[in-house]
Amino acid sequence: MDASRTRVIVVNFAPEARGLTAAVADFFGRETVELVCVGATPRREAEAALARAASEGLQIRYLEGSVDEGVDRFAARLAEAAEIAEAAAVIVLPVSGSAEVDAHSRLTCVAIQRACGERPLPTTVVAIEDPEASVEFSGLGVTTIFYPGFLRAALFAHACVDLPVFNFILGLLRGRFRVETLTIPEHLRGRTFGDACMTLERDAAGRPLTLVGVFADDPEADGATAMRINPGARFPLAKAASLLALTERP
């Protein structure tokens, strides 16, 4: 281990997550971070995906392994080969090919806990597929559990700062999503647009939705209702007539 660098370990790494390695490197600084990726992808394929990042000054290595080989065996690999107890942070990614994605991540966290033994766990971030699965990670020392749906809502809300940007995003999503207006639920009437973004995840049919704005009175148009894209997290919903959302086509 290079003591001069901050160690970050990405567990359940797959080639499609190579963008994450670049983001971590950019955040910490390529000359100050040591990145260890652990996953079930064959070494040659994984290292090919990581080759570009490694060639740009990032200290990075790949270890083959998964909790599928057994919790104790994987824990030993994390302890010895990855030296996970020395890490500053651990990122646990979901395994898309797993029959039970969140259960797989939970067992991964059990292995991490065992690998660290009596030593304090590193800051551990886990991405889950089902928001209701968060309770399964209780007692495993996980620092942060996030559901990508929340992140998606926040990103779209912040990206849609004006109508041209909104139209650009719609162009990217053409054919998959549609724009709908939603009635504001009574329990959110006294809340803010930010609260709605963090609360409303699905439409009446159970499809994922992303809030991008509101319809509200336009003070410059004699009280006429106008579309406001990303009115701001603190915008009071009491001033809105309805919500504007992207939903998946049936």
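Being a predicted model, the structure only gives us computed values, none of them experimental.
The closest donor-acceptor contact from the side chain of E64 to the backbone of R43 lies under 3.5 Å. Using modelled atom types, one side-chain atom of R18 and one backbone atom of P15 make a donor-acceptor pair closer than 3.5 Å. Distance alone, capped at 3.5 Å, places no donor-acceptor pair between the S138 side chain and the V135 backbone.
Taking CG of L209 as the reference point, atom CD of E201 lies at 7.0 Å (rounded to 0.5 Å). In this structure, OG1 on T210 lies 11.0 Å from CG on L244, to the nearest 0.5 angstrom. Considering CD of Q59 and OG1 of T32, their distance stands at 11.0 Å, rounded to 0.5 Å. The CD1 atom of I9 sits 8.0 Å away from atom CZ of R61, with the distance rounded to the nearest 0.5 Å. Between L35 atom CG and T21 atom OG1 the span is 6.0 Å, to the nearest 0.5 Å. In this structure, OH on Y62 lies 8.5 Å from CG on L50, to the nearest 0.5 angstrom.
For the side-chain contact (heavy atoms from CB on, under 4.5 Å) criterion with V92, the lone passing option out of I112, V142, V125 is I112.
L63 and V71 fall within a single hydrophobic cluster, where Ile, Leu, Val, Met, Phe, Trp and Tyr are joined by side-chain heavy atoms under 4.5 Å apart, directly or via other members. I145 and V67 fall within the same hydrophobic cluster, where Ile, Leu, Val, Met, Phe, Trp and Tyr residues are linked whenever their side-chain heavy atoms come under 4.5 Å apart, directly or through other members. If you chain together hydrophobic residues whose side chains sit under 4.5 Å apart, V110 and V101 never meet in one group.
When all heavy atoms are compared, the tightest approach of A115 to A75 is CB-O, 3.3 Å. Between T181 and S242, the closest heavy-atom pair is CB-OG, 4.2 Å. Closest non-hydrogen pair, I60 versus C37, comes out as CD1-SG, 4.4 Å. Listed here is the closest heavy atom pair of P122 and A87: CB-O, 3.4 Å. A pairwise comparison of heavy atoms in A216 and F235 identifies CB-CZ, 4.0 Å as the closest pair. In terms of heavy atoms, N230 sits closest to F193 at OD1-CE2, 4.1 Å.
Under the 4.5 Å side-chain criterion, counting only non-hydrogen atoms from C-beta, F13 is not in contact with L20. Counting heavy atoms from C-beta outward, R189 and L237 have side chains that stay 4.5 Å or more apart. Between V214 and I184 the shortest side-chain heavy-atom distance does not fall below 4.5 Å. Proximity of H104 to D68: side-chain heavy atoms (C-beta onward) are separated by under 4.5 Å at one or more points. Between T108 and V95, the closest side-chain pair of non-hydrogen atoms is not below 4.5 Å. Counting only heavy atoms from C-beta outward, the side chains of L200 and L243 approach each other to under 4.5 Å. Looking at heavy atoms from C-beta onward, L140 lies out of side-chain contact with V126 at the 4.5 angstrom threshold. Residues I128 and F137 form a side-chain contact, since some pair of their non-hydrogen atoms from C-beta on lies under 4.5 Å apart.
Contacts of E69 classified as salt bridge (charged side-chain N to carboxylate O under 4.0 Å, His left out), with partners at least two apart in sequence or in another chain: R73, R77.
Between the side chains of D102 and S105, not a single donor N or O lies within less than 3.5 Å of an accepting N or O.
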